[in-house]
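In what follows, a single structure is set out as structure tokens and then discussed.
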Amino acid sequence: MEPGNITRISKFLLLGFSERPELQPLIFGLFLSMYLITVLGNLLILLAVSSDSHLHTPMYFFLANLSFVDICFTSTTVPKMLWNIQTQTKVITYAGCITQMNFFITFAGMDDFLLSVMAYDRFAAICHPLQYTVIMNPRLCGLLVLVSWITSVLYSLEHTLMVLGLSFCTEVEIPHFFCELNQMIQLACSDTFLNNVVMHLAAMLLGGGPLAGILYSYSKIVSSICGISSAQGKFKAFSTCASHLSVVSLFYCASLGVYLSSAATQSSRSSATASVMYTVVTPMLNPFIYSLRNRDIKRALKRILGIQCYKNQSSKG
């Protein structure tokens, strides 16, 4: 690329999933439905946890934070895509693209860290039940969330500043539905060796670290459950972490699927389609997993959504 063709561009073009006009209404309706379900479901979890005093425990404190992060995570990408489809444009400004990438990395990191913190909470509850309230005290819970936020913001800021130092060619087309870090680096015209090194090292440390913590916690949890004599006791202990284990499996399998499919096909469009799993589908399913498999959450949601109905039924009886 000639130096004269490298300029400070003002916009990018998000190509999305398909350029076929007849598919745009279908894509718009599908993603609008998933986005509304995600926001409503996670808002109900937040409302249930905040309004029910029985849910003011470390486990539900972390769950409320996860629901808030999932709302922000999805809101970073989907509304812009819906707006582009509705207005029949593909444009996103340079500043808007950098901002979107920054927030996306922050909330993705927060999802990762919160799942790790929740695994530690389950480890403390099952392996050290008598010391649980002492170990998971309010100060430690708040500190864990604060450290997660600080680390995620610094991690995102590091990548953002490095991308700001890159030069891009004119008319840059991003074969994705949002400004994803790897796509941005691949499309740069300047040298990206340092960006790639930092991206992979950071992914190994900040992605592999929480995963290693989750695996360690669950290895101890399984060992502790196997030591319980009664089958009822084993089932009760496992049921307390079943929802979290389901969410962890969904998040990491979806994330791993994105990178495996991307490496196998070398197709950016295939990577964009696979990214839907952990950017949209996983945050949408999390509230259902926790509400359907958790008796306390179901009781709180019934109290919020059906209190008038129950009152009427009891008065008729």
- Message: Taking the side chain as everything from C-beta on, heavy atoms only, tell me whether L164 gets closer than 4.5 Å to Y94.
- Response: yes
- Rounded to the nearest 0.5 Å, how far apart are CD1 of I174 and CD1 of I92? 7.0 Å
- Counting only N and O atoms by type, is there a donor-acceptor contact under 3.5 Å from the side chain of T192 to the main-chain atoms of N195? no
- Item | Heavy-atom closest contact (S33 atom, G29 atom, distance) | OG-O, 2.8 Å
- Message: Heavy-atom count check: over 12 atoms from other residues, nucleotides or ligands less than 6.0 Å from E22 CD?
- Response: yes
- If Ile, Leu, Val, Met, Phe, Trp and Tyr residues are connected whenever their side-chain heavy atoms lie under 4.5 Å apart, and connections chain through other members, are V222 and Y252 in the same group? no
- Check whether any side-chain heavy atom of Y216 lies under 4.5 Å from a side-chain heavy atom of S116, and answer yes or no. no
- Message: Nearest 0.5 angstrom please: I45 CD1 to L301 CG, how far?
- Response: 5.5 Å
- Does the side chain of T89 come under 3.5 Å of the side chain of N84 through a donor N or O and an acceptor N or O? no
- Looking only at non-hydrogen atoms, find the nearest pair between I37 and F288 and report the distance. CG2-CE1, 3.6 Å
- When every non-hydrogen atom of A48 is compared with those of L55, the smallest separation belongs to O-CD1, 3.5 Å
- Any link between F61 and V147 through a network of hydrophobic side chains (Ile, Leu, Val, Met, Phe, Trp, Tyr) touching at under 4.5 Å? no
- Kindly say whether N102 contributes a backbone atom to a donor-acceptor pair with the side chain of T106 at under 3.5 angstrom? yes
- May I ask you to decide if C72's main-chain N or O and T76's side chain share a donor-acceptor pair within less than 3.5 Å? yes
- Message: Measuring only between side-chain heavy atoms, which start at C-beta, is F68 closer than 4.5 Å to N42?
- Response: no
- Item | F103, CZ atom: more than 12 neighbouring heavy atoms under 6.0 Å | no
- Message: Around atom CD of Q131, are there more than 12 heavy atoms from other residues, nucleotides or ligands closer than 6.0 Å?
- Response: yes
- Message: Could you go through I214 and R122, starting from their C-alpha distance and side-chain angles, then the distance that decides it, and tell me whether this counts as side-chain contact (heavy atoms from CB on, under 4.5 Å)?
- Response: CA-CA 10 Å; I214 292 171; R122 293 300 83 206; over 6 Å; no
- Item | Worked check of side-chain contact (heavy atoms from CB on, under 4.5 Å) between M118 and C241 | CA-CA 9 Å; M118 293 170 77; C241 57; over 6 Å; no
- ring-ring contact (aromatic ring centres under 6.0 Å, His included) between F104 and F73: does it pass, once the steps are laid out? CA-CA 6 Å; F104 179 83; F73 188 37; 5.1 Å; yes
- Query: Does W83 offer a backbone N or O that forms a donor-acceptor pair with the side chain of T87 under 3.5 Å?
  - Reply: yes
- Task: Kindly give the heavy-atom pair with the smallest separation between I304 and S51, and that separation in Å.
- Result: CD1-OG, 3.6 Å
- Query: When you measure from the side chain of N137 to the backbone N and O of T133, does any donor-acceptor pair fall under 3.5 Å?
  - Reply: no
- Passes side-chain contact (heavy atoms from CB on, under 4.5 Å), M110 versus W149? Steps please. CA-CA 6 Å; M110 275 301 297; W149 274 111; 3.6 Å; yes
- Query: Distance from L114 atom CG to S152 atom OG, nearest 0.5 Å?
  - Reply: 8.0 Å
- Below 4.5 Å, heavy atoms only, C-beta onward: do F17 and V276 meet side chain to side chain? yes
- Answer yes if L154 and I98 sit in the same cluster of Ile, Leu, Val, Met, Phe, Trp and Tyr residues linked by side chain heavy atoms under 4.5 Å apart, and no otherwise. no
- I289/L250 under side-chain contact (heavy atoms from CB on, under 4.5 Å): CA gap, chis, key distance, verdict: CA-CA 10 Å; I289 294 173; L250 183 63; 4.2 Å; yes
- Before giving the answer on ring-ring contact (aromatic ring centres under 6.0 Å, His included), spell out for H244 and Y218 the whole-Å C-alpha distance, their side-chain angles and the decisive distance to 0.1 Å. CA-CA 11 Å; H244 176 257; Y218 273 103; 5.8 Å; yes
- Query: Do Y35 and S75 meet the criterion of a side-chain donor-acceptor pair at a distance under 3.5 Å?
  - Reply: yes
- How far does CG of L181 sit from CE of M101, to the nearest 0.5 angstrom? 5.5 Å
- Query: Can you tell if the side chain of M34 reaches within under 4.5 Å of the side chain of T74, non-hydrogen atoms only?
  - Reply: no
- Query: If we only count heavy atoms from C-beta on, is the K80 to Q100 side-chain gap below 4.5 Å?
  - Reply: yes
- Query: Which atoms form the tightest heavy-atom contact between H56 and S50, and what is the distance?
  - Reply: NE2-O, 3.4 Å
- Apply side-chain hydrogen bond (donor to acceptor under 3.5 Å, both in side chains) to D296 and Y60, showing your working. CA-CA 10 Å; D296 294 330; Y60 296 113; 3.2 Å; yes
- Task: Would you check if V134 and H128 make a side-chain contact, meaning some heavy-atom pair closer than 4.5 Å?
- Result: no
- Item | Side chain S148, main chain F113, donor-acceptor under 3.5 Å | no
- Query: Roughly how far, to the nearest 0.5 Å, is the CG atom of L14 from the SG atom of C179?
  - Reply: 5.0 Å
- Task: Please tell me if the side chains of F168 and F12 come closer than 4.5 Å, counting only heavy atoms from C-beta onward.
- Result: yes
- Query: How many angstroms lie between OG1 in T77 and CG in L82, if you round to the nearest 0.5 Å?
  - Reply: 9.0 Å
- Applying the 4.5 Å side-chain criterion to the ILVMFWY set and letting contacts propagate, would L285 and M277 be lumped into a single cluster? yes
- Query: Should L36 and F177 be counted in the same cluster of Ile, Leu, Val, Met, Phe, Trp and Tyr side chains packed under 4.5 Å apart?
  - Reply: yes
- Work out which heavy atom in I126 is nearest to a heavy atom in S224; give both atom names and the distance. O-OG, 3.6 Å
- Message: Pairing donors with acceptors under 3.5 angstrom, does anything connect the side chains of S167 and S190?
- Response: no
